[in-house]
Amino acid sequence: MLRLDRLAWIFMRVSGVILIGLIFTHLTVNLMQDGGVKAIDFAFVAGKLANPFWQWFDVTLLWLALIHGSNGMRVIIDDYVYRPGLKRGLFVSLGISTATLIVLGTLVVFTLDPCPVGSPADLLPSFCTAG
Ligand code: HEM
């Protein structure tokens, strides 16, 4: 087995276990609040993303889920696509879409402005109007 394939094999097992914990925490925190899924609005998301703990939690979940998912897709393409040109094209588009989502998702987590100027106060997290 190639060295890189061996590393990918280990990564899938380790990230799979970590993802179970991250995803169930994510679902519990977002869905078990008062009001459940209906309580998710800009103030809730902006409030979470203003907290470094949730920023790093989300970025870890984002990176692991995307790399785990795209590596799984890479293996499926490798197993089922026989035409070399098509296989290469699919690998390239998978790589580009994964990298794009990782960059955009990471930017959102670290650059979201929780208190956009001019927005109605009742749509913003409470700390925007405090003081
Ligand atoms: C009913 C199911 C789900 C709901 C209601 C939900 C809700 C949300 C909400 C409100 C956010 C905004 C930020 C935050 O709360 O931390 C978010 C972000 C995120 N969710 Fe979920 N989620 C669900 C399922 C999942 C699953 C299954 C995964 C991964 C496999 C996932 C991965 C992520 C990631 C990576 C982010 C951060 C995205 C970014 O801003 O870059 N979510 N989700």
Side-chain angles (χ1 to χ4, degrees):
M1 206 195 282
L2 286 172
R3 208 181 117 76
L4 210 63
D5 276 337
R6 192 181 140 76
L7 280 180
W9 189 91
I10 296 170
F11 171 81
M12 291 304 266
R13 268 91 200 145
V14 174
S15 62
V17 173
I18 300 172
L19 276 166
I20 292 175
L22 291 176
I23 290 172
F24 277 102
T25 307
H26 182 68
L27 293 179
T28 307
V29 170
N30 284 345
L31 296 174
M32 298 298 176
Q33 52 166 333
D34 283 346
V37 71
K38 293 202 178 97
I40 295 178
D41 55 10
F42 180 83
F44 174 77
V45 174
K48 272 185 92 181
L49 292 183
N51 179 334
F53 173 83
W54 289 118
Q55 286 182 333
W56 286 104
F57 181 99
D58 274 12
V59 161
T60 310
L61 177 59
L62 176 80
W63 282 60
L64 286 184
L66 276 170
I67 298 172
H68 184 103
S70 68
N71 188 51
M73 204 59 216
R74 177 186 70 87
V75 174
I76 292 173
I77 293 170
D78 204 28
D79 281 350
Y80 287 100
V81 180
Y82 300 111
R83 282 170 48 201
L86 181 61
K87 185 179 268 200
R88 176 174 291 271
L90 288 173
F91 280 155
V92 170
S93 43
L94 180 65
I96 291 174
S97 52
T98 305
T100 306
L101 289 172
I102 286 181
V103 170
L104 290 181
T106 306
L107 277 174
V108 167
V109 170
F110 288 116
T111 62
L112 184 91
D113 177 4
C115 309
V117 179
S119 310
D122 58 328
L123 300 181
L124 300 177
S126 54
F127 58 77
C128 293
T129 43

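Order of appearance sets the numbers: ligands from 1, and atoms from 1 within every ligand. The residues of the chain are indexed from 1 along the displayed sequence.
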Does Ile67 form a side chain to side chain contact (heavy atoms under 4.5 Å, CB included) with Ile102? I'd like the steps, not just the answer. CA-CA 9 Å; Ile67 298 172; Ile102 286 181; 4.0 Å; yes
Taking atom CE as the centre, does Met73 end up with more than 12 heavy-atom neighbours from other residues, nucleotides or ligands that are less than 6.0 angstrom away? no
Could you go through the side chain to side chain contact (heavy atoms under 4.5 Å, CB included) check for Leu64 and Phe11 one step at a time? CA-CA 9 Å; Leu64 286 184; Phe11 171 81; 3.9 Å; yes
Contact list for residues 31-53, test salt bridge (charged side-chain N to carboxylate O under 4.0 Å, His left out), sequence neighbours left out: none
So side-chain hydrogen bond (donor to acceptor under 3.5 Å, both in side chains) across residues 95-114, not counting sequence neighbours, yields Trp63-Thr106
Put together the list of close N/O pairs, under 3.5 Å, between ligand 1 and the protein, could you?
residue  : atom   : partner : partner atom : Å
ligand 1 : 15 (O) : Asn30   : OD1          : 3.3
ligand 1 : 15 (O) : Asn30   : ND2          : 3.2
ligand 1 : 15 (O) : Lys48   : NZ           : 3.0
ligand 1 : 16 (O) : Lys48   : NZ           : 3.1
ligand 1 : 16 (O) : Asp58   : OD1          : 3.1
ligand 1 : 16 (O) : Asp58   : OD2          : 2.6
ligand 1 : 20 (N) : His26   : NE2          : 2.9
ligand 1 : 22 (N) : His26   : NE2          : 2.9
ligand 1 : 41 (O) : Gly105  : O            : 2.9
ligand 1 : 42 (N) : His26   : NE2          : 3.0
ligand 1 : 43 (N) : His26   : NE2          : 2.8

So which pairs with a foot in residues 81-97 pass salt bridge (charged side-chain N to carboxylate O under 4.0 Å, His left out), sequence neighbours left out? Asp78-Lys87
